[in-house]
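Since the structure comes first, as structure tokens, the remarks are kept for the end.
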Protein chains: 2
Amino acid sequence: MRKPTLHDVARAAGVSYSTADRVLNARGGVAPKSADRVRDAIATLGYERDLHAANLSRGRNYNFRFLLPKDDHSFFRALRAAVDREQDLRRADRILISVTEIPALDADALAHALDAEGSACDCLAVVATEAPRITAAITALRARGIAVVTLVSDAAPEARAAYVGIDNVMAGRTAGRLLRLAHATRQGCILPVLGSVSARDHRDRLDGMNAVLAGETPALRVLPALSVDDRPDIMRARVTQALADHPDITGIYSIGAGNRGLIEVLEARQTRPLVVMHELTPVSRAGLERGLVDAVIDQKPAQEVALAIDVMKAIADGRDWHDPARDIIPTIFLKDNLPAPADNPQISAS
Amino acid sequence: MRKPTLHDVARAAGVSYSTADRVLNARGGVAPKSADRVRDAIATLGYERDLHAANLSRGRNYNFRFLLPKDDHSFFRALRAAVDREQDLRRADRILISVTEIPALDADALAHALDAEGSACDCLAVVATEAPRITAAITALRARGIAVVTLVSDAAPEARAAYVGIDNVMAGRTAGRLLRLAHATRQGCILPVLGSVSARDHRDRLDGMNAVLAGETPALRVLPALSVDDRPDIMRARVTQALADHPDITGIYSIGAGNRGLIEVLEARQTRPLVVMHELTPVSRAGLERGLVDAVIDQKPAQEVALAIDVMKAIADGRDWHDPARDIIPTIFLKDNLPAPADNPQISAS
DNA sequence: CACAAAATGATTGACGTCTGTCAGGACTTT
DNA sequence: AAAGTCCTGACAGACGTCAATCATTTTGTG
């Protein structure tokens, strides 16, 4: 019961290997009648082309390119590290991954990179932002037959092939649910802290939290959101001020970055509000471990990168794939379900 | 800048292809001096054998076998479904997966299956239980060079190659942390409900919860655990009784199965305690969605199965792999971060 | 130096697919 | 009937590795 080969298909269809090959690879020049018989044989035998042999024969490599923001927030460092790791792991599968760093928040640079880099690869993964130029660039790539996968942050939902990242409204709702859970019986006052008011992701999270806290919990008041520009120093100053202004703050939801500043404020106090923040970084992890932070909502960048590559490969192979959204869910880390710290040495087969 | 082939290695080492091949595949009959030169060349060129070509040449298939408990709890159904799904996905990579169902909780049957099935495959994945017979069987397989991966439930930590599953103490701690979070300012009383007192996994979870709740929170009292034999009917009866006996119960931690019974009790009440249970099943999911359950701690069986297969493949290829424990963490699902419901239709590349 | 043993090189045919070429047959068109 | 299409089959050389055979060279021993 060997897997059928194309030779078997040809024999079953009563044609030569050449003809079966012409049908399989759509080279044309085959009579409709013969083509049908080949297709029938493929179906009845359950033939599946051996992709490894095919790639070997073609000398094919998969060239995937990642366009990542050049930014030294821990989150993007982690994302970059994940891509680098996959680079090694996938090489054995003929997948060549290259990374281009784009100045953060520079829509022009990103659009330009999309135009330029698109030619040199089979599929692109981009941490996108929503801007007309970028939508246009992705649409143009699609027209040229180059698929674009958006990563972490979506754009051009009509034109990109897939989005691999969390639903930020869902993430915000999750934060809201945690805050609500912790306020089951008490009154309270929630302080949301935005990284930047302009970022779509941050607004989505805020909206999500509000949706969960609104109405149903009159005892829980949500203050107007602070905005700290993702910077620890501004975070420290504004949060300190807010805590002074509103002694009844019982919960803080930090939506963006700059959490080092928040932690500094927290560790200077005896009593602290409930704190929920985003992204498991060395800072937030330490915050959890030291009991200064209650929950961290993470999007597991390493898993996102791995899934993005899986999707890109499926696209390149012309296979079907299932919606990655199902597997990318905001993950709640508490003090007690943290993954093992950092990079363990490899364990070898003995 | 093509990837170097074994021909390149041979040329660089100044030997023939045959000799390089003899070194690479340890066929023997090579002078130490030549062998060293080949190894040097491999190192300096960064040669990596093309596994796909090698497998093609050998006609090699990976035969992996899963020994799963024959049990119609939703969790094991989900586990089985995940294996079936991987069966299709991995066939293209020459990975043939077969499943043998073992009567649940029957250590003899499992040990017997381990002895019998081990011969017919390259690597075994087992939902194990801790019993001397099973430890012995796994140790015997290891001696015969057949690796065993324990799945969901560990055993014979010295002899098995890897464990792919959550740390149940960690899961229990996580549940405890959630309960604590929700009792920040109020007094309360927690009712733990065991599936079966004998199961190691359940005891671990209970211990974990106790570890988090003990001492630090004098306002939070933990009642003696109920035991409901993983059965909904017993669950309903005992929990109803407990709620009557202890009107001050503010939290329930359901450690095992039978949650349908618990949900029935909850929906009959106006006010309900905080509820944390395990495993995202149709029942627990509905409980979350209807607001009857607050949190579900899940171990993501589909991901576990996928990771187990990755590890098995690495073992079979003699590659290094990293400890799967880092990627398998108890996941907290709330009402708001549930994955998309069930099986979406496939989205095809357009 | 002779001779066996050990080491090496050369070669070949797989594995399943891709890609290209060439020849011949069937059929239509003038 | 000749010339032109369109289809089809046969074959060959690659891709990188495995596995086996056989011939040749080198080495070591007495």
Side-chain angles (χ1 to χ4, degrees), chain A residues 1-42 45-62 91-96 316-319, chain B residues 1-42 45-62 91-96 316-319:
Chain A
M1 289 302 293
R2 211 177 71 276
K3 270 193 75 174
T5 73
L6 195 51
H7 277 108
D8 299 327
V9 171
R11 200 174 319 119
V15 300
S16 70
Y17 180 88
S18 307
T19 300
D21 173 66
R22 282 190 262 256
V23 175
L24 185 64
N25 293 315
R27 297 185 207 281
V30 176
K33 194 182 59 175
S34 307
D36 282 344
R37 292 171 61 195
V38 171
R39 275 187 284 268
D40 282 356
I42 287 178
L45 291 184
Y47 167 77
E48 288 172 304
R49 148 210 262 127
D50 182 333
L51 255 182
H52 296 322
N55 289 338
L56 172 62
S57 167
R58 282 196 248 240
R60 154 150 216 190
N61 281 326
Y62 300 87
R91 206 175 31 233
D93 296 324
R94 316 180 81 88
I95 295 177
L96 306 180
D317 287 339
R319 273 182 293 131
Chain B
M1 289 303 294
R2 211 177 71 275
K3 270 193 75 174
T5 73
L6 196 50
H7 276 108
D8 299 327
V9 170
R11 199 173 321 118
V15 300
S16 71
Y17 180 88
S18 309
T19 301
D21 173 65
R22 282 190 262 254
V23 174
L24 185 64
N25 294 316
R27 298 186 209 279
V30 177
K33 194 182 60 175
S34 306
D36 282 345
R37 291 172 61 195
V38 171
R39 275 187 285 266
D40 282 356
I42 288 178
L45 290 185
Y47 168 78
E48 286 173 300
R49 147 210 262 128
D50 182 334
L51 255 182
H52 296 323
N55 289 339
L56 173 62
S57 170
R58 281 197 251 239
R60 152 151 217 190
N61 281 327
Y62 300 87
R91 205 175 32 232
D93 296 324
R94 317 180 81 88
I95 296 177
L96 306 180
D317 287 339
R319 273 182 295 130

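Remark: C1' of D/dG16 and CG of A/Asn61 are 13 Å apart, rounded to the nearest angstrom. The nearest whole Å value for the distance from the CD1 atom in B/Ile42 to the P atom in D/dT17 is 10 Å. At whole-Å resolution of the value, CG in B/Asp93 and P in C/dG16 are 16 Å apart. Following rounding to the nearest Å, A/Arg2 (CZ) and C/dC15 (C1') show an atom-to-atom distance of 10 Å. Going from atom CZ of B/Arg27 over to atom P of C/dG9 covers 15 Å, rounded to whole Å. Rounded to whole Å, the distance from CZ on B/Arg11 to C1' on C/dT8 is 18 Å. Atom C1' of nucleotide D/dT17 and atom CG of B/Asn25 are separated by 8 Å, given to the nearest angstrom. Atom-to-atom, CG of A/Asp50 to C1' of C/dG16 comes out at 6 Å; the value is rounded to the nearest Å.
For A/Asp21, taking side-chain heavy atoms from C-beta onward, the closest of the listed nucleotides D/dG16, D/dC18, C/dT19 is C/dT19. Side-chain atoms of B/Ser57 lie closest to C/dC15 of the nucleotides C/dG16, C/dC15, C/dC18.
With rounding to the nearest 0.5 Å, the separation of CG in B/Asn55 from CG in B/Asn61 is 8.5 Å. Summarising the geometry, atom CZ belonging to B/Arg27 is positioned 11.5 Å from atom OG1 belonging to B/Thr19; distances are rounded to the nearest 0.5 Å.
Between A/Val38 and A/Val9, the shortest heavy-atom contact is O-CG1, 4.1 Å. Between A/Lys3 and A/Asp8 the shortest heavy-atom distance is O-OD2, 4.2 Å. Counting all heavy atoms, side chain and backbone alike, B/Val23 lies closest to B/Ala35 at CG2-CA, 3.9 Å.
Side-chain atoms of A/Asp93 and A/Tyr62 form no donor-acceptor pair, as typed in the model, at a separation below 3.5 Å.
Residue-level contact check: B/His52 touches neither bases nor backbone, having no heavy atom under 4.0 Å from any strand. Here B/Asn55 lies out of heavy-atom contact (under 4.0 Å) with every strand. B/Leu24 comes within contact range of the sugar-phosphate backbone alone, with a heavy-atom separation under 4.0 Å but no base atom that close. At a threshold of 4.0 angstrom between heavy atoms, the contacts of A/Leu56 include nucleobase atoms, whether or not backbone atoms are also involved.
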All N/O pairs under 3.5 Å across the protein-nucleotides 7-12 of chain D interface:
unit_1: D/dT8; atom_1: OP1; unit_2: A/Ser34; atom_2: OG; d: 2.3
unit_1: D/dT8; atom_1: OP2; unit_2: A/Ala31; atom_2: N; d: 2.7
unit_1: D/dG9; atom_1: OP2; unit_2: A/Ser16; atom_2: N; d: 2.9
unit_1: D/dG9; atom_1: OP2; unit_2: A/Ser16; atom_2: OG; d: 3.2
unit_1: D/dG9; atom_1: OP2; unit_2: A/Thr19; atom_2: OG1; d: 2.8
unit_1: D/dG9; atom_1: N7; unit_2: A/Arg22; atom_2: NH2; d: 2.7
unit_1: D/dA10; atom_1: N7; unit_2: A/Ser18; atom_2: OG; d: 3.0
unit_1: D/dA10; atom_1: N6; unit_2: A/Ser18; atom_2: OG; d: 3.4

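For A/Tyr47 and C/dG16, the shortest distance from a side-chain N or O to OP1 or OP2 is not below 4.0 Å. For the pair B/Arg49 and D/dT17, the criterion of a side-chain N or O lying under 4.0 Å from OP1 or OP2 is not met. Contact annotation: A/Arg58 does not reach the phosphate of C/dT17 (side-chain N/O to OP1 or OP2, under 4.0 Å).
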Would B/Asp36 and B/Arg39 count as a salt bridge (Lys or Arg N to Asp or Glu O under 4.0 Å) if you check the C-alpha gap in whole Å, the side-chain angles of each, and the deciding distance to 0.1 Å? CA-CA 5 Å; B/Asp36 282 345; B/Arg39 275 187 285 266; 3.3 Å; yes
